[in-house]
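Reviewing the structure listed below.
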Amino acid sequence: MNDKLGNWKRTHRCGDLTAHQIGHDVCVMGWVQRRRDHGGLIFIDLRDREGIVQLALDPDRDLASHQKAEQVRNEFVVAARGKVSPRPEGTVNPKMKTGEVEIEVTELAILNRSETPPFMLDEYTEVAENIRLKYRYLDLRRPALQGNLMMRHLVAKTVRNYLDSQGFIEVETPVLTKSTPEGARDYLVPSRVNTGNFYALPQSPQLFKQLLMVSGFDRYFQIVKCFRDEDLRADRQPEFTQIDCELSFVDRNDVMDVMEGLIAKIFHEALGVDVSLPMARLSYAEALDRFGVDNPDLRFGLELVDITSRVAASQFKVFADVASGGGLVKALNAKGCSSFSRKELDDLTDFVKIYGAKGLAWVKVTENGWQSPIAKFFNEAELAELNQVLDAEVGDLLMFMADTPAVANEALGRLRGHLGHKLGLTRKDDYKFVWVTDFPLLEWDGEARRHVAVHHPFTAPLEEDIPLLDSDPGKARAQAYDLVLNGSEIGGGSIRIHDQAVQSRMFELLGIGQDEAQEKFGFLLDALNFGAPPHGGIAFGLDRIMMILTGADSIRDVIAFPKTQKATCLLSDAPNEVADKQLQELGIRLRAQQK
RNA sequence: GGGGCUGUAGUAGAGUCGGUUACAACGCCGGCCUGUCACGCCGGAGGUCGCGGGUUCAAGUCCCGUCAGCCCCGCCA
């Protein structure tokens with residue numbers, strides 16, 4: 001039989017007790033981290049979200065509570081009354097925040113018992129993630145995850161305070177909304193009242209926040225769940241949280257300025273790190289040229305060098321053919337890496353093949369010149385020129401990639417990131433921000449044989465590029481911007497089209513006919529005709545920001561109840577089959593599973 | 001849809017070349033212990049080697065399939 005809470009009132013949290021409370025009578029409640037039974041004396045480490053404090057139970061002080069403590073096991077829920085006392089000489093534990101004191105218990109209550117937990121809730125035990133996810137409520141008792149979620153709360157609070165101070169108003173938008181073409185696969189929700197019709201869960205509140213600008217709210221924000229039915233990754237969950245913002249009467253510099261302030265505030269509050277402003281800015285074209293990717297990690301150099309024109313006339317056919325065929329030949333210099341083993345080089349080659357590269361040429365720069373399978377194809381002048389543009393010195397490892405521009409950039413850019421990690425150049429407490437701007441507005445989808453929006457269909461082109469919409473739409477750049485932190489895209493947005501004519505032209509370019517545009521987005525097009533202000537916005541991935549703030553390698557470590565890579569919940573067992581009656585009410589019949 | 005890694009007591013691991021009864025640690029249970037703090041000492045219980053099939057005199061070990069977790073490609077405006 002458990003003890004009743006009765007009139008016991010907690011006075012302190014365990015982790016808050018220090019020398020300041022010495023002499024105070026206190027009452028604490030929490031979970032038993034560990035019991036140490038010395039036959040006579042019993043020590044209990046009692047844990048709550050703030051930390052751990054030691055209870056000392058002496059039979060000479062109170063026999064009843066000592067006897068009760070003999071029954072106590074790990075994870076029992078216990079309340080203790082007693083006096084905060086300095087620990088005897090020589091028994092202070094400097095590893096604990098509360099290590100100078102202990103509670104001399106005079107009354108102990110067992111508020112609830114616990115089965116032996118399936119795994120030890122200490123910092124030393126590594127447990128398989130499927131076990132942790134099944135017993136998520138236990139895993140969440142551990143200090144690491146408690147800390148992550150408490151910091152998440154602090155960040156959300158900071159976001160609300162900052163945006164409020166900047167004149168933003170938090171407005172909720174519908175979760176049951178309309179499925180629209182473009183973008184990610186929607187999660188669908190069948191409508192019972194309108195049999196055969198479906199809502200979609202929002203991929204983002206994009207259209208609604210634009211409508212709020214038309215409504216004159218001027219500045220909107222929302223910390224909001226978004227849903228995308230796509231495959232998961234270490235930093236991607238099917239439901240995730242955005243810090244969603246939209247502003248009226250602004251250009252993109254205004255948006256970036258306000259948002260830099262938000263990010264700086266978050267880092268100051270959460271980590272005590274002061275981000276220097278303004279943040280770096282890089283055009284999309286320059287990002288690709290120097291780093292191969294549009295989300296460069298600026299914590300280290302290893303920049304890519306375009307050598308296409310320098311190898312066009314070389315005897316090395318692989319390079320020369322690519323160079324003359326519209327491809328790209330790029331290189332990077334891994335300083336001091338000529339000691340890489342054959343196996344390491346093979347691994348790097350395998351790595352770039354993941355991104356479609358056919359191979360990777362490498363050169364070890366030695367005192368006797370190039371040591372490389374491709375050295376023989378280059379004459380003295382060419383060697384000298386390449387050494388010069390790549391800043392090659394003895395001990396360096398040069399790597400070359402020749403392919404289509406898309407593959408060469410992506411593969412070598414990813415290799416650059418891979419090397420940065422491998423060489424230990426990516427400190428987690430080093431924070432390098434960069435805005436990437438001037439993205440292309442459109443990209444050609446060879447399969448669908450039409451243009452698709454790089455950002456989304458409501459993104460405004462650069463004003464100077466509007467004529468290109470008619471002459472060469474693929475060349476038009478967008479008033480879009482991504483915020484990249486340490487190689488991770490943590491946010492992105494754009495100035496929107498507020499002119500109905502431009503928006504219609506945009507749909508035309510995307511191959512969305514007038515009728516279809518009216519059917520899918522008519523409410524937005526109508527709204528643009530009723531005095532839509534110039535506006536733009538941005539959305540940050542709160543989960544990704546939290547990953548970086550906490551140093552988590554997985555997005556699951558910053559979400560209370562995450563899903564597995566197959567989008568299931570091991571705790572609740574979602575998704576599951578539903579009763580036939582439910583399907584009947586919805587007018588749904590399941591198709592036979594195709595094998 | 002594809003590539004890769006992992007799967008052995010409650011937990012996390014070892015298990016050699018296929019060969020007797022599958023090991024030790026932590027946890028758990030019992031006993032002892034009045035200054036420990038990942039307490040210590042003594043004793044004990046605990047196994048569908050993920051699952052299914054195959055090869056073999058013999059499979060945790062080799063082969064095929066499958067399931068689950070993780071990482072990646074595709075996908076993610």
Side-chain angles (χ1 to χ4, degrees), chain A residues 33-46 52-61 66 73-75 85 87-96 98-99 102 104 115-135 138 180-186 203-204 206-207 226-238 240 347 350-357 410-411 414 418 439-443 445 447 451-459 478 480 482 489 492-494 506 510 512 539 541 553-554 556 563-566 568 570:
Chain A
Q33 178 69 34
R34 213 171 253 286
R35 184 188 63 136
R36 290 178 294 280
D37 186 346
H38 289 249
L41 267 184
I42 294 176
F43 297 104
I44 290 174
D45 289 340
L46 197 67
I52 289 175
V53 72
Q54 174 166 284
L55 310 180
L57 294 113
D58 188 331
D60 298 337
R61 186 166 46 244
H66 181 270
R73 295 294 181 273
N74 285 351
E75 301 308 318
S85 308
R87 294 198 187 179
E89 184 94 34
T91 64
V92 166
N93 185 345
K95 285 185 288 187
M96 295 174 70
T98 63
E102 63 190 9
E104 292 181 344
E115 289 182 23
T116 302
F119 51 89
M120 285 289 288
L121 302 184
D122 60 31
E123 63 209 282
Y124 310 100
T125 308
E126 294 266 325
V127 184
E129 196 163 4
N130 54 340
I131 310 276
R132 292 172 51 199
L133 289 172
K134 179 174 177 186
Y135 299 96
L138 295 181
T180 52
E182 308 287 304
R185 199 174 289 113
D186 284 324
Q203 298 175 26
S204 85
Q206 183 60 38
L207 299 177
C226 300
F227 305 86
R228 295 179 188 173
D229 187 5
E230 299 293 349
D231 286 343
L232 291 81
R233 288 288 188 279
D235 62 352
R236 259 161 50 187
Q237 285 268 305
F240 60 101
D347 287 347
D350 289 342
F351 179 85
V352 296
K353 284 181 178 169
I354 294 172
Y355 303 97
E410 162 113 33
R414 298 292 197 128
H418 181 70
F439 281 82
L441 185 68
L442 302 164
E443 85 191 322
D445 182 337
E447 206 174 309
H451 283 106
V452 294
V454 169
H455 188 53
H456 59 50
F458 319 106
T459 298
D482 279 359
E489 182 202 324
S494 63
M506 187 70 178
L510 295 172
I512 300 174
D553 290 322
S554 165
R556 295 179 299 279
K563 304 228 169 5
T564 68
Q565 191 172 50
K566 287 189 73 182
T568 66
L570 296 180

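Remark: G47(B) base-pairs with no nucleotide in the shown strands. Criterion, Watson-Crick or G-U wobble with two distances under 3.5 Å. Across all strands shown, G10(B) is found opposite C26(B) as a Watson-Crick or G-U wobble partner, with both distances under 3.5 Å. Of all nucleotides present, none satisfies the Watson-Crick or G-U wobble test against U36(B) with each distance under 3.5 Å. Nucleotide C70(B) forms a Watson-Crick or G-U wobble pair with G4(B), both donor-acceptor distances falling under 3.5 Å.
Summarising the geometry, the separation between CD on Glu410(A) and P on C76(B) is reported as 14 Å, rounded to the nearest angstrom. As a whole-Å value, the separation of Glu104(A) CD from G35(B) C1' is 12 Å. Atom CD in Gln237(A) sits about 9 Å away from atom P in C70(B), given to the nearest Å. In this structure, Asp235(A) places its CG atom 7 Å from P of C72(B), rounding to the nearest Å. Spacing between atom CZ of Arg132(A) and atom P of C70(B) amounts to 11 Å, rounded to whole angstrom units. One interatomic measurement links the two molecules: CE of Met120(A) to C1' of G13(B), which rounds to 16 Å at whole-angstrom precision. As a whole-Å value, the separation of Phe43(A) CZ from C39(B) P is 12 Å. The separation between Gln33(A) atom CD and A38(B) atom C1' is 10 Å, rounded to whole Å.
G43(B) and C26(B) are spaced 13 Å apart, taking the P atom of each and rounding to whole Å. Nucleotides G31(B) and A45(B), compared at atom C1', are 15 Å apart to the nearest Å. G10(B) and G47(B) have their P atoms separated by 7 Å, given to the nearest Å. Annotation: A59(B) and G18(B) have their P atoms spaced 14 Å apart (nearest Å). Here, C28(B) and U16(B) have their C1' atoms 32 Å apart, quoted to the whole Å. Annotation: A9(B) and G15(B) have their C1' atoms spaced 15 Å apart (nearest Å). Between the P atoms of U34(B) and C70(B), the separation comes to 48 Å (whole Å). Comparing the same atom, P, in G50(B) and in U11(B) gives a spacing of 13 Å after rounding to whole Å.
Contacts of Glu102(A) with the nucleic acid, taken as non-hydrogen atoms under 4.0 Å apart, include base atoms. Across all strands, Arg73(A) comes closer than 4.0 Å only to sugar-phosphate atoms, never to a base (heavy-atom distances). Contacts of Asp58(A) with the nucleic acid, taken as non-hydrogen atoms under 4.0 Å apart, include base atoms. Using a 4.0 Å heavy-atom distance criterion, Glu126(A) is classed as a sugar-phosphate-only contact. Contact annotation for Glu129(A): backbone-only contact, meaning every heavy-atom pair under 4.0 Å involves sugar-phosphate atoms and none involves a base. Across all strands, Ile42(A) comes closer than 4.0 Å to no nucleic acid atom at all (heavy-atom distances). Residue Pro457(A) is in base contact, counting any heavy-atom pair closer than 4.0 Å across all strands shown. Using a 4.0 Å heavy-atom cutoff across all strands shown, Pro118(A) reaches sugar-phosphate atoms only and no base atom. Counting non-hydrogen atoms under 4.0 angstrom, Asp122(A) reaches nothing in the nucleic acid. Using a 4.0 Å heavy-atom cutoff across all strands shown, Arg556(A) reaches sugar-phosphate atoms only and no base atom. Within the nucleic acid shown, Thr91(A) comes within 4.0 Å of at least one base atom, counting heavy atoms only. Backbone-only contact: Val127(A) has heavy atoms under 4.0 Å from sugar-phosphate atoms and none from a base. Within 4.0 Å (heavy atoms only), Thr459(A) reaches no atom of the nucleic acid at all.
No side-chain donor-acceptor contact under 3.5 Å links Ser494(A) to the backbone of Thr459(A). A donor-acceptor pair is defined here as one N or O able to donate and one able to accept, closer than 3.5 Å; such a pair exists between the side chain of Arg61(A) and the backbone of Ala56(A). The main-chain N or O of Arg228(A) is never found under 3.5 Å from a side-chain atom of Gln203(A) such that the two would form a donor-acceptor pair.
Proximity note for Pro88(A) (side chain, C-beta onward) versus C71(B), G69(B), G35(B): the nearest is G35(B). Distance from the side chain of Asp231(A) is smallest for C75(B) among the nucleotides U36(B), G27(B), C75(B). Distance from the side chain of Leu41(A) is smallest for U34(B) among the nucleotides U34(B), C37(B), U11(B). Looking at the side chain of Gln565(A), the nearest of the listed nucleotides C37(B), C72(B), U34(B) is C72(B).
When the side-chain nitrogen and oxygen atoms of Arg36(A) are compared with OP1 and OP2 of C39(B), one or more of them lie within a distance under 4.0 Å. Between Thr564(A) and the phosphate of G69(B), there is a side-chain N or O to OP1/OP2 separation shorter than 4.0 Å. Regarding contacts with the backbone of G27(B), a side-chain N or O of Arg34(A) is found under 4.0 angstrom from either OP1 or OP2. Residue Arg414(A) places at least one side-chain N or O closer than 4.0 Å to OP1 or OP2 of C73(B). Between Lys95(A) and the phosphate of A38(B), there is a side-chain N or O to OP1/OP2 separation shorter than 4.0 Å. Here Asn74(A) reaches the OP1 or OP2 of C28(B): one of its side-chain N or O atoms lies under 4.0 Å away.
Under the stacking criterion of a centre-to-centre distance below 5.5 angstrom and an interplanar angle below 30°, His38(A) sits stacked against the six-membered ring of C39(B).
The residues Arg36(A) and Asp45(A) are annotated as salt-bridged, a charged nitrogen and a carboxylate oxygen being separated by less than 4.0 angstrom. Comment: Arg233(A) does not engage Asp231(A) in a salt bridge, judged by the lack of any side-chain N to carboxylate O separation of less than 4.0 angstrom.
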### Message
Pair Leu570(A), Thr564(A) - check side chain to side chain contact (heavy atoms under 4.5 Å, CB included), show working.
### Response
CA-CA 7 Å; Leu570(A) 296 180; Thr564(A) 68; 3.5 Å; yes
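The nearest pair of heavy atoms linking Gly493(A) to Asp482(A) is N-OD1, 4.4 Å.
Between Phe43(A) and His38(A), the ring planes lie perpendicular to each other; the angle is over 60°, past the 30° to 60° tilted range.
Judged by distance alone, the side chains of Gln33(A) and Asp122(A) never bring a donor and an acceptor atom under 3.5 Å apart.
For Arg228(A) against C76(B), no side-chain N or O and base N or O form a donor-acceptor pair under 3.5 Å. Arg236(A) contributes a side-chain N or O that forms a donor-acceptor pair with the base of C75(B) under 3.5 Å.
When each of Ala453(A) and Lys566(A) is assigned the nucleotide of RNA chain B with its nearest heavy atom, Lys566(A) is the one assigned upstream, toward the 5' end. Along RNA chain B, the nucleotide closest to Thr568(A) and the one closest to Glu230(A) are compared, and the more 5′ of them pairs with Thr568(A).
If you take CZ on Arg236(A) and NZ on Lys563(A), they are separated by 15.5 Å, rounding to the nearest 0.5 Å.
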